[in-house]
Amino acid sequence: MKEKVIHLWEVYEIILRGENQYENPYTDVTVWAELKGPDFHKRVYGFWDGDNVWKIRVTATVPGAWTYTTGSSVPDRGLAGISGGYFALEWTEEEKQQNVCRRGIIRATENGHAMEYADGTPYIMVGDTWWGLASYRYPWTEEEVERPIGPEMTMKDMARQRIRQGYNTVGTIVAFPTWANDGKPATIKIDDEHHTYVRGAWASCSVEDWLTKGDAPARDMHNEGGRPFFFPGKIKGYEDVVPDYDRINPEYFKVLDKKVNWLNDHGITVFMEALRRDSSKTWKYYYDWPMVYTRYIQYLFARYQANNILFSPIHFDGKLQTIDSREFNEPLNLMIDLYGEPPFGTLFGTNAPGSTKTAYGGPEEQHWKTFDQTGNWRDHQYHWLLTDIFHDEHPVPAVNGEPYYSGHISMLRNGDGENSDRTLLFGNVESVEDHLNCRSSYWGSALNGAFAGILAGFEAGWSGNVEPEETPWKIWDTMTFPASYMVRYVRDFLLSEGKRYQELIPDDELVSPNFMGPASGWRGWISCAATRKRDLVMGYSEKDAPRVHVRGLRPYDTYELTWYDPAEGKWLEDKKRIEADAFGEVYCGDYPGEFDWAWKIKKINTDLPINKELMQIGDDGGENVNGGLGNIKHVYIQTDSKK
C-alpha cells in the first residue's frame, strides 16, 4: 500500500469502525494510538464520532516516518490492534509565509514569558472574542465566494475581514448546553441546597432590557448539527432545559470541526474554551463529578489536539452562578492524570475573574495550566496582575483575555471593598474616549507582562448579536468598529526590535512619576518594561499621563527615543538622541500630541562614555556633580518641630 504523505502540523485522521455495539459509546469506550516518530513515542487518545465510528487525530512534529498501533478499553477488533503510518515533509519558508499555522502548534518561549510557534517564530495574540463561533450565529458555508460586510456575511467572510486587519486568533466557548430561546427566562435557578443555577444566559434582547428585565429569554446557541448534548436530561423538572451530559452529540461538533479547520488553513489560531461557567453546578451536583466533566473536556481536546489551538477547559469570567474556580481543578487535574500531558504540546489556560494565577493556584493545587490570563476587570489598576504573573517562581506566558471591549458596558468601583458602589459605563464605539479606553487596556496589559498578546473584544461580537431584538449592534457591525483596526499595533510595536520584546521585564517604577489619574480608569498612567541591562525600554503613556522621565539607566549612555502613534500604528519620523545624566536619568520632553503615545528608548552607544560636556568644572578644578543642571537655588526648609 502506498505510504500516505502529509506536511508537518497537518491533521492526520485515523478512522476506526467498531465491530461491536455499545449502549453508550461516549462513556463506555476509550480508544488511542501508540504513535511513534523521530524522537517521539506517546499515547494519543481519540473520540467517538457517531454511529460506530471512532477517530484519532494526530500530526507530525518533525519530518520523517511516523507509525501507529491502535488500542481500546474494550475488546473490539475494529478498534484495537490496527497499525499504519505516514511520512511527514517540511513546509518551505514561502509556504509558511502563506499560512503562519504551518509553523506549528504554539508553545512557551524558553524563558516562559512569551509564546512562539513550534519553529521559533514569535506568536503575539491579536485576537477577537467570537464566543458563539460554534453556533449558527457564525454561519458556515462550503462556498468560498466572499460577501460584503453586512447581514449576509458568513464566518469565512468575518474571518477574511479580521485577517485583513491583522488578527491571528479568535476565541470561542464551545458549548452553552442549557441555553435556548425556549420561552423560559435567561436565568433559571433550582431551589436546592446548593443554590444551583441551570443557566445565567445572555438574553435575546437589547442591552438595556437585559439589565432591567428579569424575564428576558435566553439566546439560542445551536448549530446545524443540533445542540452539544442530547435531551432529555436527568434533573427532575428540568429535563427539557438541562441535557444529559452523559450523551454527547457528535453532529454538533462536526460543524465546529469545519470552522476550526478552515480558520487554521487561513492562519487563524482558535482559543477554545470548553464551557461557560453558569451551568457548572448542574454538572457537579447532578452528575458523576468529577468524571462527567473530565470526560467532556478530554473528548473536546481529543477532537482538536492536532489543530492549532490554545485550549481552555472552562470560561470562568466571574464567581457568579457557578462553583468556585478551584473546584474545577479536580476534573482538570484528573484529565492530566488519566490521559497525560497534551501529546503535541498544546498550551492550556483559561478565562479569569481577574487572574488565573490567583483563581486556580500554583503547582501545589493544579498541574494542568501552562499559560495564564487576566481579564474581565478592564481598567488600568488590574494590569498589575500581569506583572504578578510575570514574577511567579514558575513563569508561564500570559495574555489579557478580556480587556476593555469597544462599545461594551464596563463596571468601575467607586470606593474600596467588594461591596463598594459601582458605576456602569455604556460605550460608544465611535467616540475618541472609547478608543482611548481600548488602547489603555491593550497597551497597558502588554507592557505589564502580557507578552503573549491580547484577546480583544467588541460589543455585539462577543455576544453574537444576529437576531432583530439583539441591539444596538450586530456582529457584522463590529467588523468596522474603529477600535478593531488598532489591536494589531501592539504586536507591531513589540516586534519592532525582533524577538527582543521577549527579554522585557515589566517595571512601571522605571518611570517617575508614572501616574496622575485615579486608580479606577484609563487616563494618566504610564506602563513600562525594559530588558535586564536596560538597553531597551518600551513604554506606553495614557492620555493625561505625566511626561516620561526614565530612571535606572547607566549614566552618560546615549539613547534613541522614538514615538509611536497607537491610534494609527505609525512611528514618528523624527528620532531624538538623548543622554542619561550623572544619575542615570533621561527626560523625554513633551508628548508629540494630546492623546496617548507609545515610546521606545534604545541604547545606541557600545562603549562606556563620560561626556565632559555634561559636566561643569568647579573653581578648585574638580568635577561639579551638579554640572549640567543649571543654576542652583538654595532653599532652607522651615520646620516647627521642637527638640
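The model shown is predicted, which means the values in this text are computed figures rather than measured ones.
With hydrogens and angles ignored, the 3.5 Å screen pairs a side-chain donor or acceptor of Gln366 with a backbone N or O of Gly361. Between the side chain of Arg227 and the main chain of Trp179, a donor-acceptor pair closer than 3.5 Å is present. At least one donor-acceptor pair closer than 3.5 Å links the side chain of Glu10 to the backbone N or O of His7. When atom types are taken as modelled, the side chain of Asn223 and the backbone of Tyr136 share no donor-acceptor pair closer than 3.5 angstrom. Between the side chain of Thr69 and the backbone N or O of Gly81, no donor-acceptor pair lies under 3.5 Å. Without hydrogens or angle criteria, Ser73 side chain to Thr30 main chain gives a donor-acceptor distance under 3.5 Å. Counting only distance, with no hydrogens or angles, the side chain of Thr109 and the backbone of Ala114 share a donor-acceptor pair below 3.5 Å. Between the Asn351 side chain and the His315 main chain, no donor and acceptor come within less than 3.5 Å of each other. Judged by distance alone, the side chain of Glu34 and the main-chain N or O of Thr70 form no donor-acceptor pair under 3.5 Å. With hydrogens and angles ignored, the 3.5 Å screen pairs no side-chain donor or acceptor of Lys284 with any backbone N or O of Tyr293.
Between Trp262 and His266, the ring-plane angle classifies as parallel under the 30° and 60° cut-offs. Between Tyr339 and Tyr45, the ring planes lie perpendicular to each other; the angle is over 60°, past the 30° to 60° tilted range.
Qualifying ring-ring contact (aromatic ring centres under 6.0 Å, His included) partners for Tyr12, counting only residues two or more places apart in sequence or in other chains: Tyr86.
Scanning all heavy atoms of the two residues, the minimum distance from Ala352 to Ser355 falls at CB-C, 3.7 Å. Contact between Thr322 and Ser280 at its shortest, heavy atoms only, is OG1-OG, 2.8 Å. Considering all non-hydrogen atoms of both residues, Pro290 and Leu334 come closest at CG-CD2, 3.9 Å. In this structure, Leu16 and Gly78 approach most closely via the heavy-atom pair CB-O, 3.7 Å. Of all heavy-atom pairs between Val145 and Asp157, the closest is O-OD1, 3.9 Å. For Glu19 against Asn52, the heavy-atom pair with the smallest separation is N-ND2, 4.0 Å.
Looking at Arg160 and Glu144, a side-chain N of the basic residue comes within less than 4.0 Å of a carboxylate O on the acidic one, giving a salt bridge. We find that Asp49 and Lys55 are joined by a salt bridge, their nearest charged nitrogen and carboxylate oxygen being less than 4.0 Å apart. In summary, Arg17 and Asp51 do not engage in a salt bridge, as defined by a charged side-chain N under 4.0 Å from a carboxylate O. Salt bridge absent: Arg147 and Glu152 never bring a charged side-chain N and a carboxylate O closer than 4.0 Å. Here Glu95 does not pair with Arg103 in a salt bridge; the nearest charged N to carboxylate O distance is not below 4.0 Å. Classification of Asp220 and Arg137 as a salt-bridged pair fails, no side-chain N sitting under 4.0 Å from a carboxylate O. Salt bridge Glu365/Lys357: absent, no basic N to carboxylate O contact under 4.0 Å. Between Glu142 and Lys258 there is a salt bridge, since at least one side-chain N of the basic residue sits less than 4.0 Å from a carboxylate O of the acidic one.
The distance between the ring centers of Tyr22 and Trp48 does not fall below 6.0 angstrom. Two rings, from Trp131 and Phe176, have their centers 6.0 Å or more apart. Taking the six-membered ring wherever Trp is involved, the centroid distance between the rings of Trp130 and Tyr138 falls below 6.0 Å.
Annotation: the span from Leu332 atom CG to Asp337 atom CG amounts to 11.0 Å, rounded to 0.5 Å. Taking CD from Glu90 and CH2 from Trp9, the interatomic distance works out to 10.5 Å, rounded to the nearest 0.5 Å. Once rounded to the nearest 0.5 Å, the distance linking CE of Met479 with OG of Ser484 reads 7.5 Å. Rounded to the nearest 0.5 angstrom, Asn307 CG and Thr269 OG1 are separated by 10.0 Å. The CZ atom of Phe301 sits 10.5 Å away from atom CE of Met272, with the distance rounded to the nearest 0.5 Å. Note that CD of Glu13 is 12.5 Å distant from OG1 of Thr59, once rounded to the nearest 0.5 Å.
Looking only at side-chain heavy atoms (C-beta outward), Phe311 and Leu347 stay at 4.5 Å or farther from each other. Residues Val174 and Pro228 are not in side-chain contact: their nearest non-hydrogen atoms beyond the backbone lie 4.5 Å or more apart.
Between the side chains of Tyr442 and Asn400, not a single donor N or O lies within less than 3.5 Å of an accepting N or O. Counted by atom type alone, Arg295 and Tyr299 present zero donor-acceptor pairs between their side chains at under 3.5 Å. In this model, a donor atom of one side chain and an acceptor atom of the other lie less than 3.5 Å apart for Gln321 and Arg277. When only modelled atom types and interatomic distance are considered, Tyr304 and Thr346 share no side-chain donor-acceptor pair under 3.5 Å.
Results of the side chain to side chain contact (heavy atoms under 4.5 Å, CB included) test with Ser312 over Thr356, Thr350, Leu275 single out Thr350 as the only residue that passes. Screening Tyr252, Tyr296, Phe253 against Phe229 for a ring-ring contact (aromatic ring centres under 6.0 Å, His included) leaves a single residue, Tyr296. Of the residues listed (Phe231, Trp289, Trp283), the one engaging Tyr245 in a ring-ring contact (aromatic ring centres under 6.0 Å, His included) is Trp283, and it is the only one.
Residue pairs meeting the salt bridge (charged side-chain N to carboxylate O under 4.0 Å, His left out) criterion with at least one member in residues 121-130, sequence neighbours excluded, are Asp128-Arg162.
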Please test Tyr360 against Ile314 for side-chain contact (heavy atoms from CB on, under 4.5 Å), starting from the C-alpha separation and ending with a verdict. CA-CA 12 Å; Tyr360 298 95; Ile314 183 66; 3.5 Å; yes

Residue pair Thr169, Tyr123: steps toward the side chain to side chain donor-acceptor pair (under 3.5 Å) verdict: CA-CA 10 Å; Thr169 307; Tyr123 166 85; 2.6 Å; yes

side-chain contact (heavy atoms from CB on, under 4.5 Å) between Phe451 and Leu504, worked out: CA-CA 9 Å; Phe451 299 126; Leu504 295 175; 3.7 Å; yes

Can you list the steps and then say if Ile106 with Tyr117 is a side-chain contact (heavy atoms from CB on, under 4.5 Å)? CA-CA 4 Å; Ile106 295 160; Tyr117 294 97; 3.9 Å; yes

Would you please test Phe348 and Lys369 for side-chain contact (heavy atoms from CB on, under 4.5 Å) and show each step? CA-CA 5 Å; Phe348 277 36; Lys369 181 165 58 69; 5.7 Å; no

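Both tests pass for Arg43 against the ring of Trp32: distance under 6.0 Å to the centre and angle within 45° of the axis. In this structure, Arg102 forms a cation-pi arrangement with Trp91, its terminal cationic atom sitting closer than 6.0 Å to the ring centre and no more than 45° off the ring axis.
For Glu94, the CD atom counts as loosely surrounded, since its 6.0 Å shell holds 12 or fewer non-hydrogen atoms of other residues, nucleotides or ligands. In this structure, Glu23 places its CD atom where only 12 or fewer heavy-atom neighbours from other residues, nucleotides or ligands lie under 6.0 Å away. Heavy atoms from other residues, nucleotides or ligands lying under 6.0 Å from CZ of Arg326 number more than 12.
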